[in-house]
There are 2 protein chains.
Amino acid sequence: MIEDVELMKLKKELIEEMGVYFECQDMLSPLSSRIFGYLALAGDKGATFDEILEELQVSKSSLSTNLQLLQSMGRIGYYTKPGDRRRYFKASVDNMINRLDDKINSWKKERELHVKVLNYREKTLSADDKLTMKNRKDLSFNKHYIEFVDAMIENLCKLKNNLITVNQVQ
Amino acid sequence: MIEDVELMKLKKELIEEMGVYFECQDMLSPLSSRIFGYLALAGDKGATFDEILEELQVSKSSLSTNLQLLQSMGRIGYYTKPGDRRRYFKASVDNMINRLDDKINSWKKERELHVKVLNYREKTLSADDKLTMKNRKDLSFNKHYIEFVDAMIENLCKLKNNLITVNQVQ
DNA sequence: CGTTTAGTTCGGTAATTACCGAACTAAACA
DNA sequence: TGTTTAGTTCGGTAATTACCGAACTAAACG
């Protein structure tokens, strides 16, 4: 692969853009999210410790710590080649699916909380309160939201399984 | 509304549980997420500055700052009553829908990034590389993921409009 | 067995964030 | 017009987080 200057610039920009996204979206440290972004670009062959070091210009210790962090979260893994001591870190399809699982679980938690809130609100509203239009609307919104979250979870699971199937073909 | 001891304890627990959730999920400060949780429980009538102060036991300045933050994010609003200077802060249905919008936008960003990564990867892979099974599978996963995200976005939008409609009835 | 390679561990520091108290403002009340 | 109410603003501090360098380990190589 020939790395021309333009492509290298594009790479740096993409890593930074993904970095910001994962930082906010997945609550990763700045460095963790840039590593993850870099590995997303590196694709199937992954990248070695030194390659990441070179690209991101950070200390060995920070890189080591953040690679361990990402591995413990199930976001990356590594493989080795016989006769080569280096690890090839990569964000595999399995890791991507782990990330989906996290999203599914967070919707499940959101559902659980909504049920608890609805429950609490029904307990605390007096019989009179329940008859007012505002409150009836409010509670019905809550119920609809729970149904909505159910649909979301179902969809996520379906599409996750879809991705697994596609990946397993051959 | 009579606040018995048991119910108060349940309330505190729920606020804390939501607090932790929103902190991670929506990147809110600890206090912001607890305020939001409290207002979710308070429901349609909302809560005054002093009521929140009393419940969460924080300083006026912190409360003020975090209320402004939540308002600027579109996560809460307030209304006033004639002859009552106090603001009644609340997380209305509209605010909940704003939150959904944020989620939709983040999926859109995720889609955009995936397209960019796919683009980059196709550029950097040589013609030979593209023929290997691993890489073909890898790129096809990427394409499937984009389709998957499209489906997610469509679903979120549909269900958001659903919620808006339900809310507008009367 | 000494040296190189490929990381890891540990202690510390710089930067950021979250929160606080005190002083302040602006409206309303007496 | 002075006082209360309902917050806001500002400067500072405590806690957390992110990162770093230096010393270390464990495997492999010569």
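The basis for the numbers below is simple: all heavy atoms, side chains too, and nothing from hydrogens, waters or symmetry mates. In the text below, chain A, chain B and the rest are named by the order of the sequence lines, each starting its count at 1.
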Inset, instruction - Considering just the side-chain nitrogens and oxygens of B:Ser64, establish if one lies under 4.0 Å of OP1 or OP2 belonging to D:dG7. - result: no
Legend entry - For atom CG of B:Leu28 and atom P of C:dT17, their distance in whole Å: 14 Å
Inset, instruction - May I ask you to say what B:Leu63 touches in the nucleic acid, namely base, sugar-phosphate or nothing, with a heavy-atom cut-off under 4.0 Å? - result: nothing
Legend entry - From B:Ile52, B:Val20, B:Val58, residue fulfilling side-chain contact (heavy atoms from CB on, under 4.5 Å) relative to B:Arg34: B:Val20
Legend entry - Integer-rounded Å distance: C:dT25 C1' and B:Phe49 CZ: 14 Å
Inset, instruction - Would you jot down, in residue-number order, the residues of residues 72-92 of chain B having a non-hydrogen atom under 4.0 Å from DNA chain C? - result: B:Arg85
Legend entry - Nearest-angstrom distance from the residue atom CD of B:Gln57 to C1' of C:dC19: 15 Å
Inset, instruction - For A:Asn135 and A:Thr132, test the side chains for any donor-to-acceptor distance below 3.5 angstrom and give the result as yes or no. - result: yes
Inset, instruction - Identify whether the distance between the nearest side-chain nitrogen and carboxylate oxygen of B:Glu51 and B:Arg86 falls below 4.0 Å. - result: no
Inset, instruction - Could you please name the partner base of D:dA22, counting Watson-Crick and G-U wobble pairs only when both distances are under 3.5 Å? - result: C:dT9
Legend entry - Nucleotide C:dA14, atom P - distance to CG of A:Leu31 in whole Å: 19 Å
Legend entry - Salt-bridge contact A:Asp26-A:Arg75 (side-chain N to carboxylate O under 4.0 Å): yes
Inset, instruction - Rounded off to whole Å, could you give me the CG-to-P distance for the A:Leu67 and C:dG7 pair? - result: 9 Å
Inset, instruction - Establish, yes or no, whether a centroid distance under 6.0 Å links the rings of B:Tyr88 and B:Tyr79. - result: yes
Inset, instruction - Please report, rounded to the nearest Å, how far the C1' atom of C:dT8 is from the CG atom of A:Asn66. - result: 13 Å
Inset, instruction - Find which nucleotide of DNA chain C each of B:Lys60 and B:Thr65 is nearest to by heavy atoms, and output the residue with the more 5' nucleotide. - result: B:Thr65
Legend entry - A:Ser62 side chain near D:dC20 phosphate (N/O to OP1/OP2, under 4.0 Å): yes
Inset, instruction - Would you mind reporting whether A:Lys103 and A:Gln25 have side-chain heavy atoms less than 4.5 Å apart? - result: yes
Inset, instruction - For residues B:Ile153 and B:Leu156, determine if any side-chain heavy atom of one lies less than 4.5 Å from a side-chain heavy atom of the other. - result: no
Legend entry - B:Asp50 vs B:Gln68, nearer the 5' end of DNA chain D by closest nucleotide: B:Asp50
Inset, instruction - Please check the phosphate of C:dC19 (OP1 and OP2 only) for any side-chain N or O of B:Ser29 closer than 4.0 Å. - result: yes
Inset, instruction - Figure out the CG/C1' separation between A:Leu56 and D:dA18, and round it to whole Å. - result: 15 Å
Legend entry - A:Glu51 CD to C:dA6 P, straight-line distance once rounded to whole Å: 11 Å
